[in-house]
Visitor: 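Quick one: structure below, then a few questions.
Side chains are part of it too, since the values below use all heavy atoms of this structure and drop only hydrogens, waters and symmetry mates. Order of the sequence lines fixes the chain letters, A, B, ..., with proteins taken first and strands second; residue numbering starts at 1 for each chain.
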Amino acid sequence: MRGKVWKYGDHIDTDVIIPARYLNSTDPKELASHCMTDIDESFAGEVKEGDIMVGGYNFGCGSSREHAPIAIQASGISCVIAASFARIFYRNSINIGFPILECPEASAAINAGDIVSVDTKTGVITDETTGESFQAKPFPEFIDNIIEKGGLLPYLKEKQSM
Amino acid sequence: MGMTMTQKILAAHAGLPEVHAGDLIEAGLDIVLGNDVTTPVAVGVFEKAGFTEVFDKDKIVIALDHYTPCKDIKSAELCVTAREFAKKHGITHLYDVGTVGIEHALLPEQGLVGPGDCIVGADSHTCTYGALGAFSTGVGSTDMAAAMASGLNWFRVPDAIKVELSGKLQPNVSGKDVILHLIGEIGVDGALYQSLEFTGEGVSELSMDDRFTISNMAIEAGGKNGIFPVDEKTMEYIKDRFEREPKVFEADEDAEYARVVKIDLSTLKPTVSMPHLPSNTKTAEEVAGLHIDQVVIGSCTNGRISDLRVAASILKDKKVADGVRCIIIPATQQIYLQCVEEGLVRDFVEAGCAVSAPTCGPCLGGHMGVMADGERAVATTNRNFVGRMGHTGSEVILASPAVAAASAIAGCIAVPEA
């Protein structure tokens, strides 16, 4: 994965990722069109397929709405890197097969607009703009399997049919 | 090494003799919950994966509480999806307009959850049932779909923060002040991936409604769950409600905790959370006089009967200040009826409050009290993020029912008279 960085701060809550006034839809594309709008009006219109989102501590805190990682994923973002994730957002991302990486060092060092490449297998994050590299915690095998199958339900379905 | 109360419940539901913090386990679920926002997404995931049957139609609860009575066509369509799924699978516990209450007040009231249970809900405030000595946590829609299909969810076993409570609350200080104070102390990610386990002699001084409020906001400290020991008050509460056999778990004496936080309840003052984080706490006294436009008393945090009794005792024979809108939302139909029968609705209406049918409504900026740019509310709800109750230029100050009611009369943040 390789893309331009959209950088946000600490405690980015799911209400700003996708405000509740748009939760009357379950359509990923429609959700994506309102993604981040309350803190960044430019995001939904300018994000490009493959771009990378970088947040601070406690990214995705608040409501359990799965609409939040769905909206980010449908907007074209390929991966979220944060110093830490709120637990429900973390589960939801894994469960929908959306790669997220926890790496405080990368979160602190990477700047908005940098070009960053990510190897989700090894957890290596490279800021091509600055030349710096970072090592994120790799997922346990169980979680890797879920992401590889494209989410929890495909994983579960395959397990049940075995 | 001993286990925490949470670890013991998880071990029992995973069929393991013991579990350790960090273990990834699969646990059997006693109740799986969803609402009108999260269930439709879960239904889509469930059906797309090709599942055709639910694991147990009696263990799934669907409560259409967020945007109901429906605020617009799209939200009405979400309810149709949830309703049709419930009908197709013969879901026993579907709560719709007329029977529905705010889910986290409704499930305990209806006796659907109890001590020792392992519960997931596609709503972050599912942690509320920790007040009953259950392991209960919020998950997303895909987890809900997996749970409906298999009766199982995966968990990373959490370590815990022990919160030792001592002393007794002062008049007009309640569970809300306890949890806001704690979040102010440890921060909105202070308990990230962890359990909050409440212990100590102070627990027995807290009413069940206070405990529900405290467990409800464990998520606002980032917690996975917030759990109370089971005592006489718990057993009294579940009597004549909970039909299954309660299972009482206790933390081992040698359980390890990541951290211990001590709170002397007698020292707490009416506390508020200023915009835009629940951890941004002040005493009500410190910010008294700040102008407000709206007051909301209700929600899964503070819409229970004792909350409304406190609010009514302050509003009775008084008037809501000019220019302030005070919206009261009893959390369930049973609580609504109690408010009618006890004369609280009269007190509210005569004071100039609007009383609504049960709904999550304004708490998440859904309906029934959405705010314009520049407006400020005092609310007994649980989140004060940017844009939570409407326009991104509006502000929410979190408070107890006593502070909210006193502020409604004053037209500004006010400290309730003891």
Visitor: Going through the checks in order, is the side chain to side chain contact (heavy atoms under 4.5 Å, CB included) test met by A:Ser84 and B:Leu192?
Guide: CA-CA 9 Å; A:Ser84 67; B:Leu192 195 59; 3.7 Å; yes
Visitor: Examine distances only and state if a side-chain atom of B:Arg383 and a backbone atom of A:Gly62 form a donor-acceptor pair shorter than 3.5 Å.
Guide: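 Checked: pair present.
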Visitor: Hey, does A:Leu156 have a side-chain heavy atom less than 4.5 Å from the side chain of B:Ser150?
Guide: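 Sidechains of A:Leu156 and B:Ser150: in contact.
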Visitor: Just so I understand: if I count every heavy-atom pair under 4.5 Å between each of B:Thr126, B:Val45, B:Asp189 and chain A, which residue has the most?
Guide: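 Ranked by contacts with chain A, first place is B:Asp189.
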Visitor: Rounded to the nearest 0.5 Å, what separates atom OG1 in B:Thr142 from atom CD1 in A:Ile70?
Guide: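 Going from OG1 on B:Thr142 over to CD1 on A:Ile70, the span is 6.5 Å.
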Visitor: Could you work out, with side chain to side chain donor-acceptor pair (under 3.5 Å) as the rule, every residue matching A:Ser25, not counting sequence neighbours?
Guide: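 So A:Ser25 forms a side chain to side chain donor-acceptor pair (under 3.5 Å) with A:Glu30.
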Visitor: Please flag which part of B:Glu26 lies under 4.5 Å from any non-hydrogen atom of chain A: side chain, backbone, both or neither.
Guide: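 Side chain of B:Glu26 only, per the 4.5 Å heavy-atom cut-off to chain A.
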Visitor: Heavy-atom distance under 4.5 Å to chain A: side chain of B:Leu277, backbone, both or neither?
Guide: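 Looking at B:Leu277, just its side chain touches chain A.
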Visitor: Give a yes or no on this: more than 12 heavy atoms of other residues, nucleotides or ligands lie within 6.0 Å of atom CD of A:Gln135.
Guide: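 Counting neighbours around CD of A:Gln135, more than 12 heavy atoms of other residues, nucleotides or ligands fall under 6.0 Å, so yes.
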Visitor: Regarding A:Arg65 and B:Ser141, do their side chains bring together a donor and an acceptor under 3.5 Å, going by distance alone?
Guide: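 Side chains of A:Arg65 and B:Ser141: no pair found under 3.5 Å.
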Visitor: Side chain, backbone, both or neither: which part of B:Asn382 has an atom under 4.5 Å from a heavy atom of chain A?
Guide: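 No part of it gets close to chain A.
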Visitor: When only pairs under 4.5 Å are counted, which of B:Trp154, B:Phe46, B:Phe385 shares the most heavy-atom pairs with chain A?
Guide: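 Winner by heavy-atom pair count: B:Trp154.
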Visitor: With heavy-atom distances below 4.5 Å as the criterion, would you say the side chains of B:Val188 and A:Cys61 are in contact?
Guide: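 In short, these two side chains do not touch, never coming nearer than 4.5 Å.
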Visitor: Count the heavy-atom pairs under 4.5 Å between each of B:Ser75, B:Gly138, B:Ala42 and chain A, then report the option with the highest count.
Guide: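 Ranked by heavy-atom pairs under 4.5 Å with chain A, first place is B:Gly138.
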Visitor: Contact between A:Asn24 and B:Asp72 at the side-chain level, heavy atoms closer than 4.5 Å - yes or no?
Guide: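 Sidechains of B:Asp72 and A:Asn24: in contact.
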Visitor: Given that the side chain runs from C-beta out, which part of A:Pro69 has a heavy atom under 4.5 Å from chain B: side chain, backbone, both or neither?
Guide: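 A:Pro69 has no heavy atom closer than 4.5 Å to chain B.
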Visitor: Need one label for B:Leu78: side chain, backbone, both or neither, based on atoms under 4.5 Å from any heavy atom in chain A.
Guide: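 Side chain of B:Leu78 only, per the 4.5 Å heavy-atom cut-off to chain A.
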Visitor: Evaluate A:Thr26 against B:Val37 for side chain to side chain contact (heavy atoms under 4.5 Å, CB included), listing each step before the verdict.
Guide: CA-CA 9 Å; A:Thr26 59; B:Val37 172; over 6 Å; no
Visitor: Taking side chain to side chain donor-acceptor pair (under 3.5 Å) as the test, write out the residues that go with A:Asp38, two or more places apart.
Guide: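 Listed in chain order: A:Arg21.
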Visitor: So which part of B:Thr392 gets closer than 4.5 Å to some heavy atom of chain A, the side chain, the backbone, both or neither?
Guide: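 It is the side chain, since no backbone atom gets that close.
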Visitor: Rounded to the nearest 0.5 Å, what separation is found between the CD1 atom of A:Ile94 and the CG atom of B:Asp143?
Guide: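 Here the interatomic distance stands at 9.5 Å.
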Visitor: With chain A, which of B:Arg388, B:His367, B:Lys74 has the greatest number of heavy-atom pairs at distances under 4.5 Å?
Guide: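 Between B:Arg388, B:His367, B:Lys74, the count favours B:Lys74.
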Visitor: Closer than 3.5 angstrom, by distance alone: can the side chain of A:Tyr90 be matched with the main-chain N or O of B:Tyr193 as a donor-acceptor pair?
Guide: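 No, because the side chain of A:Tyr90 does not come within donor-acceptor range (under 3.5 Å) of the backbone of B:Tyr193.
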Visitor: Any non-hydrogen side-chain atom of B:Ile219 less than 4.5 Å from a side-chain atom of A:Ile88?
Guide: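 Of all side-chain heavy-atom pairs linking A:Ile88 with B:Ile219, at least one is under 4.5 Å.
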Visitor: When heavy-atom pairs shorter than 4.5 Å are enumerated against chain B, which of A:Leu152, A:Asn92, A:Asp13 gives the highest number?
Guide: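 The candidate making the most pairs under 4.5 Å is A:Asp13.
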Visitor: Is it the backbone or the side chain of A:Phe85 that comes under 4.5 Å from a heavy atom of chain B, or both, or neither?
Guide: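 Its backbone and side chain both get close to chain B.
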Visitor: Identify which part of A:Leu23 has an atom lying under 4.5 Å from any heavy atom of chain B, answering side chain, backbone, both or neither.
Guide: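 For A:Leu23, heavy atoms of backbone and side chain both lie under 4.5 Å from chain B.
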Visitor: Where do A:Ser63 and B:Ser124 come nearest, in terms of heavy atoms and distance?
Guide: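 Shortest heavy-atom contact: CA-OG, 3.6 Å.
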Visitor: Quick one: do the B:Thr38 and A:Glu66 side chains pair a donor with an acceptor below 3.5 Å?
Guide: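 Judged by distance alone, the side chains do not pair up.
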Visitor: Closer than 3.5 angstrom, by distance alone: can the side chain of B:Lys224 be matched with the main-chain N or O of A:Arg87 as a donor-acceptor pair?
Guide: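 Not confirmed, B:Lys224 side chain does not pair with A:Arg87 backbone.
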